[in-house]
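Please read the structure below before turning to the comments.
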Amino acid sequence: MKRTGLKDLPNAVQGNVILRFAPNPNGPLTLGHARGVTINSEYAKNYEGKVVLRFDDTDSKVKPPLKEAYAWIEEDYKWLTGKEPDIIVRASERMDIYMKYAKKMLSDDFGYVCKCSAENFKKLRDSSKECPCRIKDPKENLSDWDEMNNGLIGEGMAVVRVKTEMNLPNPALRDWPALRIQHTTHPMVGDKYKVWPLLDFQSAIEDYEQGVTHIIRGKDLMDSTRKQTLLYEHFGWKYPETLYWGRVKIHEFGSFSTSGMRQEIENEKYSGWDDPRLPTLRALRRRGFDSDAMRDFWIDLGLTQKDISVSLQTIESFNSSKIDSSCERRVFVRNPQRIRLDDNNTQIERKLTLNKHPLNEIKGHREWDLEDLEIYIEARDLEHSEIRLKDFADIEIQDSNGIIQSIERTDKRQIVHWLPKSIAKKAILTIPKDNEIVIQEGMMEDIQIIKNNVVQLERVGYAKIESNDDDVIKLLWLHG
RNA sequence: GCUCGUGUAGUGUAGUGGUCCAUCAUGAAGCCCUCUCGAGGCUUCGACCCGGGUUCAAAUCCCGGCACGAGCACCA
């Protein structure tokens, strides 16, 4: 029996589930983040629980937060889930809480201020030896703590460590660092703090404060779980249920990073965060991807620890099935070739009425005027000498003339899309392809061209109407 | 090197000892229908990493190997 949707969460009580999604606000959300947003919000929905959107902005040096990114992320979250997060917290605004627990850690003697250099400590740690700072009493540690906070100790000169065991089998867990000194200015709170918590500490404390019941995170954070569990034991807290997902790679986008994109945008390699070549949610939204389709895709992948590599095609397939019934049809002729129709003494209608959608899922029609018998056809369709103009007539091509053979369909010849010159308007289709932009010029039927609508260009694919000015329609490629 | 994790068709995914000569989606090939290369319908292709063991019975449990990935940052 095929299960639909996500697996059950372990030890979850209906109505009492709290999850969290914790991005670094150094850029807008990407396709990768979409998995986290979708999985967490979907579980929250299933269990009538809550999602905490938490900004992990405790590093202003290596991954400096971007002031605008907070709002972008909230916007992206809302687009994808259709609702606001239940709770929003910014780590940088909750520093006093983390400081309080850090101090408690020192006064209760399960943490200490370590002044060893990183290299030195690593050496000791790798040979399971305690560092000399470890034996200091709480009083001395608290006075060192004050010096750290007063700025008397420079960056890199001291950290606060959590006491674990130096003979733990996994070296990564031995007396791990919880807070360090950063004198850089934080974009949101300025120079208020000299000491900042590291992710493992901040996240652990905040999960406790928010009453998080289930953590779903990348499996690269498995050691974080173990470190944080040791911290929780010191505090006497129970660690949340934790689930993991593996790494996801989308073929078409290769590997990318938010900071890398930020750099490329500054270098003007990309036009902005919504450049259609980028894997950001705003770029995909701009192109016309449907948020429900995107959620369906991630839910279908589910929650597994396998590292996977999927094709954009799969997402596109989910998207097509979501949007097809609501996309009106329009004709876009690429490399247009002008053909003059010869009525060949047959009686032809000079007005055509076409459905907006072949199955009439969208009511309404398009009226085509064929008065002057001049039409456009794609160059490549001229390779056949006998073709059928879709919804109109069988013709035979002779030079640049199209001789009408029959109004009724008489055989299985190729059906092509075409366009009366009288209703044709110049159009430009922008296609993101292999990290480049390809421009395809053509003629499009100038009927009800509404900005921001996604239409299906018959025999071409789906595209978003980005603008419709006096002389040209601008289209942005979605997918085939 | 140490620690941890994962291995089911091309790509994803279901399956937790028999109901599995293994599910569904996507993909590819082909057919039908529709006056789109779209939608719908149908057919075909195609997988349990390897080797042992436990058991009447293993994709499912155990052990070993192999492969891949991650962590071992005063990043998140």
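Hydrogens, waters and symmetry mates are skipped; everything else that's a heavy atom, side chains included, is used. Reminder, nothing fancy here: chain letters follow the sequence lines and each chain counts from 1. Worth saying up front: this structure is predicted, and the values here are computed from it rather than measured.
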Inset, instruction - Would you mind telling me which of B:A39, B:A76, B:U3 lies closest to the side-chain atoms of A:S320? - result: B:A39
Inset, instruction - Compare the minimum distances between each of B:G5, B:A76, B:U11 and the side chain of A:T58, then state the nucleotide with the smallest one. - result: B:A76
Expressed as a whole number of angstroms, how long is the span from [X]:[atom1] to [N]:[atom2]?
X      : N     : atom1 : atom2 : answer
A:H33  : B:A76 : NE2   : P     : 14 Å
A:K7   : B:U23 : NZ    : C1'   : 14 Å
A:L301 : B:G12 : CG    : P     : 9 Å
A:E206 : B:A76 : CD    : P     : 14 Å
A:E316 : B:A39 : CD    : P     : 12 Å
A:R226 : B:U3  : CZ    : P     : 12 Å
A:N319 : B:U26 : CG    : C1'   : 14 Å
A:F297 : B:U26 : CZ    : P     : 13 Å

Within the structure shown, what part of the strands sits under 4.0 Å from [X] by heavy-atom distance: base, sugar-phosphate, or nothing?
X      : answer
A:I308 : sugar-phosphate
A:S325 : nothing
A:S321 : nothing
A:Y462 : sugar-phosphate

Legend entry - Result of checking A:Y77, A:Y70, A:F21, A:W72 against A:F55 for ring pair (Phe, Tyr, Trp, His ring centres under 6.0 Å): A:Y70
Return the pairing partner of [N] with a 3.5 Å limit on both distances, Watson-Crick or G-U wobble; otherwise return none.
N     : value
B:G69 : B:C4
B:C33 : none
B:U13 : none
B:G18 : B:C56
B:G51 : B:C63
B:C74 : none
B:A28 : B:U44

Euclidean distance for [atom1], [N] against [M] (whole angstrom):
N     : M     : atom1 : result
B:C49 : B:A9  : C1'   : 14 Å
B:U6  : B:A29 : P     : 36 Å
B:A70 : B:G30 : C1'   : 43 Å
B:C63 : B:U26 : C1'   : 37 Å
B:A73 : B:G15 : C1'   : 40 Å
B:C61 : B:U16 : C1'   : 10 Å
B:A25 : B:C42 : P     : 10 Å
B:C35 : B:U44 : C1'   : 28 Å

Inset, instruction - Give the B/S/- string for nucleotides 27-37 of chain B, one per nucleotide from 5' to 3', where a protein heavy atom under 4.0 Å of the base yields B, of only the sugar-phosphate yields S, and otherwise -. - result: S-----S-BBB
Legend entry - Sugar-phosphate or base contact per nucleotide [nucleotides 68-74 of chain B; S, B, -; heavy atom under 4.0 Å]: -SSSSSB
Inset, instruction - May I ask you to check whether A:S92 and A:Y193 show a side-chain donor-acceptor distance below 3.5 Å? - result: no
Legend entry - Pair A:W368-A:E445, side-chain donor/acceptor within less than 3.5 Å: yes
Inset, instruction - Measure from the ring center of A:Y462 to the ring center of A:W477 and say whether it is less than 6.0 Å. - result: no
Inset, instruction - Give a yes/no on whether any side-chain N or O of A:T304 is located under 4.0 angstrom from OP1 or OP2 of B:U13. - result: yes
Inset, instruction - Would you please confirm or rule out a distance under 4.0 Å between OP1 or OP2 of B:U13 and any side-chain N or O of A:K306? - result: yes
Legend entry - salt bridge (Lys or Arg N to Asp or Glu O under 4.0 Å), paired with A:D175, selected from A:K163, A:R161, A:K129, A:R134: A:R134
Inset, instruction - Scan A:R295, A:K7, A:R35 and name whichever one has a salt bridge (Lys or Arg N to Asp or Glu O under 4.0 Å) with A:E42. - result: A:R295
Inset, instruction - Check whether any side-chain heavy atom of A:L19 sits under 4.5 Å from a side-chain heavy atom of A:V212, and report yes or no. - result: no
Inset, instruction - Would you indicate whether the side-chain heavy atoms of A:V162 and A:H234 approach each other to under 4.5 Å? - result: yes
Legend entry - Residues forming a side-chain contact (heavy atoms from CB on, under 4.5 Å) with A:I153, sequence neighbours excluded: A:K115, A:E147, A:M148, A:M157, A:A158, A:I181
Legend entry - Neighbour count >12 (heavy atoms, 6.0 Å) for atom NZ, A:K249: no
Inset, instruction - Calculate, to the nearest 0.5 Å, the distance between atoms SG and NZ belonging to A:C327 and A:K322 respectively. - result: 13.5 Å
Legend entry - Ring geometry between A:Y208 and A:Y101 (parallel below 30°, tilted from 30 to 60°, perpendicular above 60°): perpendicular
